[in-house]
Amino acid sequence: MAGFLDEVAPLKATALAEFQAAADLPGLEQARVNSLGSHGRFTALMKQLGTLPKDEKPAAGKTINAAKLELEAALAARRVELELKAALPKEPTDFTLPGRRRLLGKLHPLTQITEDIVRSFRKIGFVVADGPEVEDEYHCFDALNTPADHPARDAQDTFYLAGPGGARQSSSLLRTHTSSVQIRVMKKQSPPVRIIVPGRVYRRDNADATHNPTFHQVEGLYVDRNVTVGDLKGTVEFVFKELMGPETRIRFRPHYFSYTEPSFEIDFSSALTRKMGKEWLEIAGCGMVHPQVFENVGYDPETWSGWAFGFGIERIAMIRYGINDIRLFYENDLRFLRQF
Ligand code: DAH
C-alpha cells in the first residue's frame, strides 16, 4: 500500500471536524475549500492516485472515493443545519408578549350609502341591474331619444375612446349616466321591469368642491301596466325617508329630459337641508318613460307605461354626512375615511 493512503483517515477526520465546527454558511464554505476545493488537502491526496502502480490503483481509488462520498454527505447535512439556523429568528421568541392587533378595514362611505339605497329599494321589490362603463353612443344617447345634435352629446361632455388605429372618432365612450342600463335591460327582458342600477359614471368636468370627472349614480326604472307619476312620487318618498330621516318631504318641479315625458326634478327637505341653510335641495331627475324609448326597445307604448329616475350617490352622501368637498371621497385619506 502506498504511504499516502494512511493519510486518508486522519484527513477525513479533520475535514469532518471542520464541517461540524463551522458556525455559519460562510464558515462551512471555507471548510469545504480547505479539504475538497481544487487546492484542498483531500483533493491533493486524490491527485496522488496517478502515481500508484497499476495494480494498486483500483483498491486505493475505492478507499479514497468512499471517503470523499462520506465527506460530501456530511457537508450537505451540515449545510442544511446551518441554513435552518440562518432562517431562525436571532432573538428567542417571547410567547408572553401581548398579541399584535390587526387593523380592521371598513366600507368606503360611498359603498355604505349605496348599500343603504339598495337595501331600501329591495324592500319594495327592486332588483339590482348592471351594465358596462365603456358604453356606445346608441345605449348612452340614441336609444334614450337623445339625437346626435343634442347638447348632452357634445364631445365636451364625456370621454370618447380612440377608435381603430388610434382614430379620434369612435362611438365608444365612458358612460355619462347610468341611464344606458335602462336600454340594455329592456332590450333583454320583457315587462314588467323593476330595477335599480348603482354605478360609476364619467363627465368631462373639472374637479372642484362639487364636481369630479368620475362619480356615482343610482338609476331606477319601473315598467308595468298603468304606472303613474303617483307611483313614482310614492316610491321616491319612501326611499328618501329611509335615507334622510322620517320627516323628509319631497317635491317635484317640471324639467326636461329627452327620455322622459313629463320630466321632473326632485327636491327634498329635511333637517339635513335646513342644516345646510336651505329648505329645499335638488337631489334627482325623473319622469315618465318617453314612448319613443319604449319603441326603441320594442315595448308597445300603448300597453306599457313606466317611470325612471337618476340621482348622484356622492350628493346624497355629502348631504347626509355634511361633507363639503366631493374630492374627499377619492383621496383615500384615512383621517377622513375613519369617520364613517
Ligand atoms: N341621466 C340623468 C343625469 O345623469 C338623470 C336622470 C334624469 C335619469 C331623469 C333618469 C331620468 O332615469 O328619468 O343627469
Side-chain angles (χ1 to χ4, degrees), residues 1-112 114-115 130 132-134 161-166 172 174 200 214 329-340:
M1 241 345 151
F4 76 87
L5 280 184
D6 295 340
E7 294 173 42
V8 172
L11 276 183
K12 188 180 86 178
T14 309
L16 287 175
E18 279 184 16
F19 293 169
Q20 215 46 47
D24 51 21
L25 289 166
L28 184 64
E29 174 59 11
Q30 189 53 55
R32 182 193 71 79
V33 169
N34 291 345
S35 58
L36 294 173
S38 49
H39 301 294
R41 296 186 294 261
F42 205 80
T43 312
L45 204 61
M46 286 191 289
K47 282 179 187 157
Q48 296 186 51
L49 261 183
T51 67
L52 289 182
K54 211 171 176 184
D55 57 338
E56 287 182 21
K57 267 188 194 168
K62 220 171 171 180
T63 307
I64 292 186
N65 257 328
K68 188 182 172 215
L69 287 177
E70 206 180 316
L71 283 184
E72 282 170 347
L75 184 70
R78 184 62 182 153
R79 181 172 290 131
V80 170
E81 280 175 16
L82 291 176
E83 277 171 355
L84 193 64
K85 192 175 148 204
L88 286 176
K90 301 283 168 282
E91 299 287 322
T93 305
D94 181 354
F95 293 102
T96 66
L97 285 174
R100 268 178 226 137
R101 206 170 284 277
R102 203 175 276 257
L103 280 183
L104 264 192
K106 43 182 167 175
L107 295 176
H108 191 278
L110 291 177
T111 308
Q112 292 185 35
T114 305
E115 291 194 346
D130 199 6
E133 288 176 27
V134 177
L161 277 73
S172 284
L174 298 180
R200 182 171 295 140
T214 75
F329 289 120
Y330 317 114
E331 286 169 353
N332 287 337
D333 186 333
L334 289 178
R335 290 170 303 177
F336 171 74
L337 295 173
R338 283 208 177 104
Q339 297 176 56
F340 303 95

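Position 1 is the first residue of the sequence; numbering continues from there. Just so we're clear, the structure is a prediction, and the values are computed from it rather than from any experiment. Computation of the quantities below employed the complete heavy-atom set of this structure, encompassing side-chain atoms and omitting hydrogens, waters and symmetry-equivalent molecules.
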Quick one: side chains of residues 82-91, donor-acceptor pairs under 3.5 Å with protein atoms, not counting sequence neighbours, listed by atom name and distance.
from: K85; atom 1: NZ; to: A23; atom 2: O; distance (Å): 3.0

Working note: R32 + L28, criterion side-chain contact (heavy atoms from CB on, under 4.5 Å); need CA distance, chi angles, decisive distance, verdict. CA-CA 6 Å; R32 182 193 71 79; L28 184 64; 5.9 Å; no
Give the C-alpha distance, both sets of side-chain angles, the deciding distance and a yes or no for side-chain contact (heavy atoms from CB on, under 4.5 Å) between F42 and I64. CA-CA 9 Å; F42 205 80; I64 292 186; 4.2 Å; yes
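Nearest heavy atoms, L337 versus N332: CD1-CA, 3.8 Å. When every heavy atom of T43 is checked against every heavy atom of G37, the shortest pair comes out as OG1-O, 2.6 Å. Counting all heavy atoms, side chain and backbone alike, K12 lies closest to E70 at NZ-OE1, 3.0 Å. Smallest separation of non-hydrogen atoms from G27 and A22: C-CB, 3.7 Å. G61 and L49 get closest at one heavy-atom pair: N-CD2, 3.8 Å.
More than 12 heavy-atom neighbours from other residues, nucleotides or ligands sit within 6.0 angstrom of NZ on K106.
Classified by interplanar angle (parallel below 30°, tilted 30° to 60°, perpendicular above 60°), the ring pair F329/F336 is perpendicular.
Residues E115 and T111 meet the side-chain proximity criterion, which asks for heavy atoms closer than 4.5 Å.
For R200, there are no salt bridge (Lys or Arg N to Asp or Glu O under 4.0 Å) partners two or more places apart in sequence or in a different chain. Remark: R102 pairs with no residue by the salt bridge (Lys or Arg N to Asp or Glu O under 4.0 Å) rule, at least two apart or across chains.
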